[in-house]
Amino acid sequence: GTFVNNYIPIDKNIEFHKYCAFVMLIFSGVHVWFHYVNMYNISITPADRLNQYLGTEFPFTPPIWFLLFLSLFGFTGHLALVILFLMYSSAVAAVRRRHFEVFWYTHHLFLLFYILVAVHGFMMILAFPTFWLWTCVPLGAYLLERLLRIIRGQQDTILHLVRLHPSGVCELQFKNSSFKYRAGQYLFINIPTISKHEYHPITITSAPEEEYISIHVKMVGDWSKAIGQLFNPTRKPVVMIDKILAPDGFTKMVRIDGPYGSSSDDVFNFEVAILVGAGIGVTPFASILKHIKYRQEASVNTIAGRTFLRKIYFYWICRDKKEFDWFSELLHQIEEADVDNKFSLNCYLTGALKIDDIRVIAKTADDVEDTLTGLESKTTYGRPRFDKIFENIAAAHSGKDVGVFFCGNPAIAAQLSNMSR
């Protein structure tokens, strides 16, 4: 969300982090292999030659089992390698998405990893240890950021509303007077009653003009399922609250940290934009669409000196018809207020329909409003043909830069990337 992103792709930090982790894993394996070679050579070398070569004072040739597991470099090296393996394996998407707590706590073993590698070379057999010189500055920056997160988390954030949507989505609304954000950004949220230390990145679905900050959480993992159970154990459709009391008698508060910028923030750099959301991936575009609606109502054509969007093509791809309930009211408001045809709203249903649903759709095919969404624009059944869609948009806006933004399944992201080129 700052000028830095014009020169450094900060929103790609997670991809960069993954590449660094892969390189670390590979070269750690190479490093360990050569240590094994060294340890074998040491274990078969007479003590006098060994002391002469290494500058040590071994009274006898150390056995290989001692070098591997009882020496300082052997013990710390093996333990660091185990930690690195646990961190890497728990970060696999299949583990991370379903068991985020395992990923979160395992990943924070990196602090122990740093300590082990820092003392790994303290015997100074081969060289003076320098790892701590390379890590003190970035580790200090990380600890400073964690301290700032704690400070920001202490600001009063009052929970206002909890709404349980169909298809396992929980909406939280809360208020924080010091929290200022832009459309398309995200925040980190912590719910101490569930976990005192876990902060989770969630996209903001409200607009900056709204009184309350809102987020929508898909309840698929352990932590997200605990939200629904905590705030709405009876699973009522809507729970209105001024103050919720937890079972232990303490107020259920939330802590937030942010906001943080994302690539969605660049949408306002284009006159024409294509917004594609798959399932819960629609959340960043909900904030953007709301923001545009409010600015349109206020007759404001620029945002922070940037050209306001002239045309927005919005595509929402859902498997289950119940998912349209999340933001159908917003889309309906946009459609009603769209007098100058700025918005093109398109909903796609890819999941199978029941026989009863098909009969209802067939009977209401000639109605003005769509049966599933309540919009004037009809829902398309099946996957969007982005090749044809992009050809038509390119022809309609010849000579203009068209921004394409997507949130959802990586397979669709790859397809959109190819179509954009």
Side-chain angles (χ1 to χ4, degrees), residues 1 5-16 182-186 201 203-205 207 260-293 295-296 302-304 306-319 323-324 326-327 330-331 334-335 338 340-350 375 377 379-380 382-421:
N5 197 54
N6 295 329
Y7 308 99
I8 302 173
I10 295 177
D11 52 284
K12 297 289 186 182
N13 65 313
I14 296 177
E15 291 302 316
F16 180 70
R182 296 208 302 233
Q185 295 186 323
Y186 69 96
T203 303
I204 302 169
T205 54
Y260 291 93
S262 70
S263 55
S264 299
D265 187 54
D266 291 335
V267 70
F268 300 107
N269 293 332
F270 296 89
E271 288 188 48
V272 181
I274 301 174
L275 312 180
V276 184
I280 196 63
V282 74
T283 50
F285 307 126
S287 176
I288 290 169
L289 291 173
K290 286 180 183 179
H291 185 47
I292 294 170
K293 181 176 75 75
R295 303 299 284 186
Q296 197 174 23
T302 59
I303 298 177
R306 295 180 290 181
T307 303
F308 195 63
L309 282 165
R310 307 290 181 188
K311 183 70 177 180
I312 300 102
Y313 295 91
F314 174 70
Y315 298 88
W316 189 4
I317 309 167
C318 294
R319 289 184 180 178
E323 295 178 10
F324 290 121
W326 303 340
F327 299 107
L330 167 64
L331 298 182
I334 290 174
E335 195 173 59
D338 188 24
D340 55 356
N341 196 30
K342 174 178 286 190
F343 296 92
S344 173
L345 306 178
N346 306 274
C347 296
Y348 287 80
L349 182 65
T350 60
L375 302 175
S377 57
T379 299
T380 303
R383 300 184 182 278
R385 289 287 307 275
F386 283 114
D387 51 349
K388 298 296 182 182
I389 291 171
F390 277 34
E391 284 179 8
N392 294 334
I393 294 176
H397 302 281
S398 178
K400 292 187 180 294
D401 285 333
V402 180
V404 182
F405 297 84
F406 172 75
C407 185
N409 192 310
I412 304 177
Q415 180 190 5
L416 287 173
S417 179
N418 292 332
M419 292 298 106
S420 299
R421 293 192 186 95

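Between Phe405 atom CZ and Phe270 atom CZ the span is 5.0 Å, to the nearest 0.5 Å. The CD1 atom of Ile317 lies 11.0 Å from the CG atom of Leu349; values are rounded to the nearest 0.5 Å. One distance of note links NZ of Lys293 with NZ of Lys342; it measures 13.0 Å at 0.5 Å rounding. Note: Leu289 CG to Phe343 CZ = 6.0 Å, rounded to the nearest 0.5 Å. Put simply, CD1 on Ile412 and CZ on Phe386 are 7.0 Å apart, with the number rounded to the nearest 0.5 Å. If you take SG on Cys407 and CG on Leu275, they are separated by 11.5 Å, rounding to the nearest 0.5 Å.
Partners of Arg383 under the side chain to side chain donor-acceptor pair (under 3.5 Å) rule, at least two apart in sequence or in another chain, do not exist in this structure. Annotation: side-chain contact (heavy atoms from CB on, under 4.5 Å) contacts of Asn418 (sequence neighbours excluded): Arg421. Looking at residues two or more places apart in sequence or on another chain, you find no ring-ring contact (aromatic ring centres under 6.0 Å, His included) involving Phe314. Scanning for side chain to side chain donor-acceptor pair (under 3.5 Å) contacts around Ser287 gives an empty result, with sequence neighbours left out.
Residues Arg182 and Phe268 fail the side-chain proximity criterion, which asks for heavy atoms closer than 4.5 Å.
Considering all non-hydrogen atoms of both residues, Pro284 and Gly281 come closest at CD-O, 3.3 Å. What you find for Tyr186 and Gly261 is that their closest heavy atoms are CE2-O, 3.4 Å. Taking every heavy atom of both residues into account, Tyr348 and Gly382 meet most closely at CD2-O, 3.4 Å. Residues Val276 and Phe285 approach most closely at O-CE1, 3.0 Å, considering heavy atoms. The heavy-atom pair separating Ala207 from His291 by the smallest distance is CB-N, 3.7 Å.
Side chain of Ser420 to main chain of Leu416: a donor-acceptor pair is present (N/O by atom type, distance under 3.5 Å, no hydrogens or angles).
Within the structure, the salt bridge (charged side-chain N to carboxylate O under 4.0 Å, His left out) test picks out no pair touching residues 404-415 (sequence neighbours left out). Among residues at least two apart or in separate chains, salt bridge (charged side-chain N to carboxylate O under 4.0 Å, His left out) pairs with a member in residues 283-292 are Glu210-Lys290. A salt bridge (charged side-chain N to carboxylate O under 4.0 Å, His left out) check over residues 275-289, counting only residues at least two apart or in different chains, returns nothing.
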For residues 388-404, which side-chain N or O atoms pair as donor and acceptor with protein atoms under 3.5 Å away, sequence neighbours left out?
from	atom 1	to	atom 2	distance (Å)
Asn392	ND2	Lys388	O	3.2
His397	NE2	Tyr313	OH	2.7

